[in-house]
Amino acid sequence: MGCSSIIRCFFDYSTPKFLVIQSKKVGAINRLCQALVIAYIVGYVCILKKGYQDTDSVISSVTIKVKGLALTNTTDLGLRVWDEADYIVPPQEENSFFVLTNLNITPNQTQSQCAENPGPETSCVSDRDCKRGFHDSRRNGVQTGRCVNFSESEKTCEVFAWCPLEKNNNPPKPAMLAEAENFTVLIKNNIRYPKFNFNKRNILPHVNSTYLSHCVFNRQTDPDCPIFRLGDIVSEANEDFQTMAVQGAVMGVHIRWDCDLDLSEKSCVPQYAFRRLDNKDPDNVAPGFNFRFSKYYKNADDQETRTLIKGYGIRFDVMVFGTAGKFNIIPTLLNIGAGLALLGLVNVVCDWITLTFMQKRHYYREQKYTYINDYEILSSDVP
Amino acid sequence: MGCSSIIRCFFDYSTPKFLVIQSKKVGAINRLCQALVIAYIVGYVCILKKGYQDTDSVISSVTIKVKGLALTNTTDLGLRVWDEADYIVPPQEENSFFVLTNLNITPNQTQSQCAENPGPETSCVSDRDCKRGFHDSRRNGVQTGRCVNFSESEKTCEVFAWCPLEKNNNPPKPAMLAEAENFTVLIKNNIRYPKFNFNKRNILPHVNSTYLSHCVFNRQTDPDCPIFRLGDIVSEANEDFQTMAVQGAVMGVHIRWDCDLDLSEKSCVPQYAFRRLDNKDPDNVAPGFNFRFSKYYKNADDQETRTLIKGYGIRFDVMVFGTAGKFNIIPTLLNIGAGLALLGLVNVVCDWITLTFMQKRHYYREQKYTYINDYEILSSDVP
Amino acid sequence: MGCSSIIRCFFDYSTPKFLVIQSKKVGAINRLCQALVIAYIVGYVCILKKGYQDTDSVISSVTIKVKGLALTNTTDLGLRVWDEADYIVPPQEENSFFVLTNLNITPNQTQSQCAENPGPETSCVSDRDCKRGFHDSRRNGVQTGRCVNFSESEKTCEVFAWCPLEKNNNPPKPAMLAEAENFTVLIKNNIRYPKFNFNKRNILPHVNSTYLSHCVFNRQTDPDCPIFRLGDIVSEANEDFQTMAVQGAVMGVHIRWDCDLDLSEKSCVPQYAFRRLDNKDPDNVAPGFNFRFSKYYKNADDQETRTLIKGYGIRFDVMVFGTAGKFNIIPTLLNIGAGLALLGLVNVVCDWITLTFMQKRHYYREQKYTYINDYEILSSDVP
């Protein structure tokens, strides 16, 4: 082929040849299928999934401030007021905060010897039942090898430990800091969609300092107030605060920022939801949430003492979710393309119906297909 | 149909019949559209989005070590040196660290009675104005029911609380630990792309112990040094450290590991970026970042006392992002397939142009389409 | 065109005309290509990637309880028992826990003056070598301007600091809390797939309280026990606990919940994996994981003292991954559609083979394509 012939070929435009069947039956089926596909594209892809938008995931920062006072009156501690510096442990976490609601306290522990709590493996009759240096992870201390009186009637192996030992008892009921139900927490949440350079925070522009100083979140009356009563958070999750306060729990505070940035910025507001994250069945194994921590002191003799606290409480995990969308030509084109490709598949369905079920299927088939029989060609080629 | 006929049908190969229009106009439009689609596939899908690569998300671990000393001289505390064990609260967090920059301190609090801070609801004239046992989340303690002198001129209700009460005052200005600007932080970040079994850390292989002992990150001169001066982090985010130190803030340290694992491992290096995450407008409600914590002591009488600290400071949230890509046959085939499907759509556009705008559109249409009129067949079938 | 003509057009059904080549060679190639595509769709998309399922990402909450005792005997501290309230610092974190395994302790520090540790910049001969008020981030205190005896033979600049200073020494070897190898940790993990309203926890339904009180995770014998021995976690990651305990490290505990919710709920169980996250090469710069924290006391004179602890230990980061899938009609249709589109591409390949390599390619080409030469039309149009 010459050069001009190649150039000619370059400008050849190949377009498929079509058979047009002017039949109401086939045409109706065809248009119906096409309508279904278009409805799917417009309805699901464009409207529901916003296929014409580019999306971005949220980056978030959360800070928390709890307020409230609780008064306890126990024989161990006497009358005592608890404020946020006492009941928030540790004082600062990234996306989470723990509120102490109940506690077992063991004051004035020192490193010394005392009788182990009674149990199948710790009871003894004489020193021979105790093994010097023995300890395992389910005991409180290291055995000294002596068998001593635990109470007037019972003898147990002596241990070297933080003595006196913590008593193996259940959490107080009702919870000591039952008043935590009325504590409030201010959750400050700043979000950012980096792709769209969009920032917003959950203290909305119309919220002023005066409103913020007295408001409490309420889904009906104060949906924009970022101050939550702990009791409300728990009851929105269909749980009972006082029951939960005894054993402790983990609560999820979900903040959802789903924003359509093609609309006004005002329509991008946080949605709050609250869920219990741990398993609530009280009969289950290892229920609730608690951990031990201690405060260290030195007594007059410069000896270290500590107050051991087994703290039960509610950990609130603040989780921020969200997707923002904004019009962008690339995903729009991609979705239109995919939609047209899907339209092409309609033909497959209609062809199958036309060529299988229609009365004139043989005639249609004859018109649609041109047969070349390779064998015939062979025979006709060699006459 | 016989068995041999079915086998024959099985080997039938159906290929669409094409009309080839040898026209420069139509051909040029066709090739132009194809060129656009190919340019998009090559440019956007292959080069920009690396469509021939399989991708994986980063798994990261971050550890942090802050160094620096600050000297303060106040009437409450006297001359005092602050080191990392003093100003990092809590001492260890997973992906975050808090540096104390300013504080209101209330030493020697004990559980006792004192006059509430004056305010609209706490001022009183006689005991009748005070309600025994009353407390709410915006007060400091539980009212005892007595009205006592707050100062010589003012009387307020007495409360049972941690006394003396914290004064309702603003953070010191300038910030007490203003020297925090010169603190440095070593951020150790190990990342892993599990799908490709690829590990790397931000202390790059060519960085040795000597360099690490004196280097400070600088985008121009020391871009590989993982030690950051806090003042530099803040100024890179276009903020003023000393202003920020007074009220506290939340800063984001973003480490981005976007790696093309088809290239040399050396080209996979972290990119650092710094942003302020909270809202900086000083006039806005609830600005900055602070929290209260306390240190507990026992005095000579074995009574518990505490030092309450309202700590203002900067929380640095370290966020690690990243995607790694490596050649894989599956996404390559998928993208080529999608590209060819898109090429098919070019026909739709060219057909529309050819059959609507070209001079010989009727002739083309005649050649492209073969019409079967169902009604005519019916009439011709029954002659 | 009249109205009836438009309605007629609306019911036109266009279907491409096909050339059917009845050739064993071409047919075989065609069917082979189709088989490959169908195998890919069925095998990869449907079975491997479960393309017929809608998917959701896991939401998780993790709580942790460590148990175990360690006994240390040092000159500084004497005989001492360590329990969880001592060696877990901070006592509670969201998805992470730190176990102290080794420490350098500096007790009884007070804010006072003492000689700086010797070094190139701190050694001095007379007061003139020391600069009052000077301090940098690599020193321990603020210079007072005096040159004092550090030891009998050495003089260094005096500093105002927490004195006595921490000695610049290496971590004790073997690790002080070497017994941490036998500590156990109960990891409670509740997960949720919000889209499918599916909750589960890693304490499986068949695990009862009795089993939980004595079991320890073992991949062969106790794969469902959520209690892990720290030594086992480390050895599963192919590391040596005692070596790791000296310098500290960061370990990842990966819990994977990949659930096919079309199957029974019982088949949705967690998979545990353990990895070292930091860089283990002991010769590398800044190895291990440690941080400083302190306990504050007041002595008899009401002066603040502190015990500074440089704690080495293992931070365990618990990471929960997972995807759940459940049959959904939308992704099923999308994947079938994409598969059929891919089938269409088989034609492109077969056409190329048929029209390029087959003996009768010219005859096929003649039958497949109808040529219209624009120029000829022009000339024949104007006779």
Side-chain angles (χ1 to χ4, degrees), chain B residues 8 10-24 26 59 61 63 65 67-69 71 78-81 83-86 88 90-94 182-184 186 188 190 192 199 201 203 207-209 212-213 295 297 299-300 305 330 337 340-341 344 360 363-364 367 369-370, chain C residues 14 16-24 26-28 30-31 44 89-90 93-96 98 111 135 137-142 160-162 250 252 277-279 284-286 289 291-294 296-298 300 308 317 319 341-342 345 347-348 350-351 354 368-374 377:
Chain B
R8 258 199 193 177
F10 181 79
F11 285 113
D12 280 4
Y13 169 57
S14 310
T15 179
K17 293 178 84 168
F18 278 97
L19 174 73
V20 180
I21 300 175
Q22 290 175 322
S23 147
K24 275 202 177 138
V26 182
I59 292 180
S61 90
T63 62
K65 181 154 274 202
K67 275 194 180 166
L69 278 183
L71 191 71
L79 195 65
R80 195 189 157 106
V81 159
D83 69 4
E84 64 196 79
D86 297 323
I88 303 290
Q92 192 258 120
E93 290 180 271
E94 199 179 351
N182 293 316
F183 293 175
T184 55
L186 163 62
K188 284 200 275 175
N190 282 268
R192 178 171 165 75
N199 297 291
R201 61 178 201 152
I203 301 177
V207 169
N208 59 33
S209 200
L212 214 61
S213 69
K295 300 183 203 165
Y297 307 100
N299 62 16
T305 72
I330 299 278
L340 290 174
K360 284 172 205 75
Y363 180 67
Y364 293 154
Q367 294 292 317
Y369 295 105
T370 312
Chain C
S14 310
K17 291 179 87 168
F18 278 98
L19 174 73
V20 181
I21 301 175
Q22 291 176 323
S23 149
K24 275 201 177 141
V26 183
N30 179 36
R31 294 298 173 196
Y44 184 78
V89 185
E93 289 180 272
E94 197 179 351
N95 287 310
S96 178
F98 171 82
Q111 296 266 344
H135 63 282
S137 68
R138 290 162 223 271
R139 294 279 84 74
N140 289 300
V142 180
F160 177 76
W162 284 102
V250 183
L277 296 182
D278 65 328
N279 201 297
N284 75 26
V285 282
F289 180 55
F291 61 91
R292 286 186 181 83
F293 61 100
S294 48
Y296 296 89
Y297 307 100
K298 275 193 181 164
L308 176 67
D317 292 351
M319 300 176 187
L342 220 55
L345 293 178
N347 261 14
V348 176
C350 291
D351 274 2
T354 316
K368 185 175 162 72
Y369 295 106
T370 312
Y371 290 85
I372 310 180
N373 191 322
D374 209 22
I377 308 170

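Each chain gets a letter, A, B and so on, in the order the sequences are listed, and its residues count up from 1.
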Inset, instruction - Measure the spacing between CD1 of B:I21 and OH of C:Y371 and express it to the nearest 0.5 Å. - result: 13.0 Å
Inset, instruction - Looking only at non-hydrogen atoms, find the nearest pair between C:F160 and B:L79 and report the distance. - result: CZ-O, 3.6 Å
Legend entry - Reported CZ-to-NZ distance for the pair B:F18 and C:K368, which is rounded to 0.5 angstrom: 5.0 Å
Legend entry - From CA spacing to verdict: side-chain contact (heavy atoms from CB on, under 4.5 Å), C:L277, B:R192: CA-CA 8 Å; C:L277 296 182; B:R192 178 171 165 75; 5.6 Å; no
Inset, instruction - Could you look at B:T305 and say if it's the side chain, the backbone, both or neither that has a heavy atom under 4.5 Å from chain C? - result: neither
Legend entry - B:E94 versus chain C, the contacting section by heavy-atom distance below 4.5 Å: both
Legend entry - Under 4.5 Å from any heavy atom of chain B - which part of C:V250: side chain
Legend entry - Region of C:N95 in contact with chain B, defined by heavy-atom distances below 4.5 Å: both
Legend entry - Which of C:A300, C:C350, C:A161 touches chain B most, by non-hydrogen pairs under 4.5 Å: C:C350
Legend entry - Shortest non-hydrogen contact from C:T370 toward B:Q367: CG2-OE1, 4.3 Å
Legend entry - Part of B:L19 lying under 4.5 Å from any heavy atom of chain C: both
Inset, instruction - Please state whether the side chain, the backbone, both or neither of C:L308 comes within less than 4.5 Å of a heavy atom of chain B. - result: side chain
Legend entry - Under 4.5 Å from any heavy atom of chain C - which part of B:F10: both
Inset, instruction - Could you look at B:N199 and say if it's the side chain, the backbone, both or neither that has a heavy atom under 4.5 Å from chain C? - result: side chain
Inset, instruction - Determine the option with the most heavy-atom pairs under 4.5 angstrom with chain C, choosing from B:P90, B:G78, B:P91. - result: B:P91
Inset, instruction - Examine whether an atom of B:Q92 lies under 4.5 Å from a heavy atom of chain C, and if so say whether it belongs to the side chain, the backbone or both; otherwise answer neither. - result: both
Legend entry - Full working for side-chain contact (heavy atoms from CB on, under 4.5 Å) between C:W162 and B:R80: CA-CA 9 Å; C:W162 284 102; B:R80 195 189 157 106; 3.5 Å; yes
Legend entry - Portion of C:A28 that has a non-hydrogen atom of chain B nearer than 4.5 angstrom: both
Inset, instruction - Identify the heavy atoms of B:L71 and C:V142 that sit nearest to each other, and give their distance. - result: CD1-CG2, 3.8 Å
Inset, instruction - Please answer whether the main-chain N or O of C:Y369 pairs with a side-chain N or O of B:K17 as donor and acceptor at a distance below 3.5 Å. - result: no
Inset, instruction - Heavy-atom distances under 4.5 Å only: say whether C:F293 touches chain B with side chain, backbone, both or neither. - result: both
Inset, instruction - Let me know if B:I59 has heavy atoms under 4.5 Å from chain C in its side chain, its backbone, both or neither. - result: side chain
Inset, instruction - Find the distance between CG (C:N347) and OH (B:Y13) and round it off to the nearest 0.5 Å. - result: 4.0 Å
Legend entry - Reported CZ-to-CG distance for the pair C:R31 and B:D12, which is rounded to 0.5 angstrom: 7.5 Å
Legend entry - Among the listed options C:F98, C:F291, C:F289, C:Y44, the residue most often paired with chain B at heavy-atom distances under 4.5 Å: C:F291
Legend entry - Closest non-hydrogen atom pair between C:D351 and B:T15, with its separation: OD1-OG1, 2.7 Å
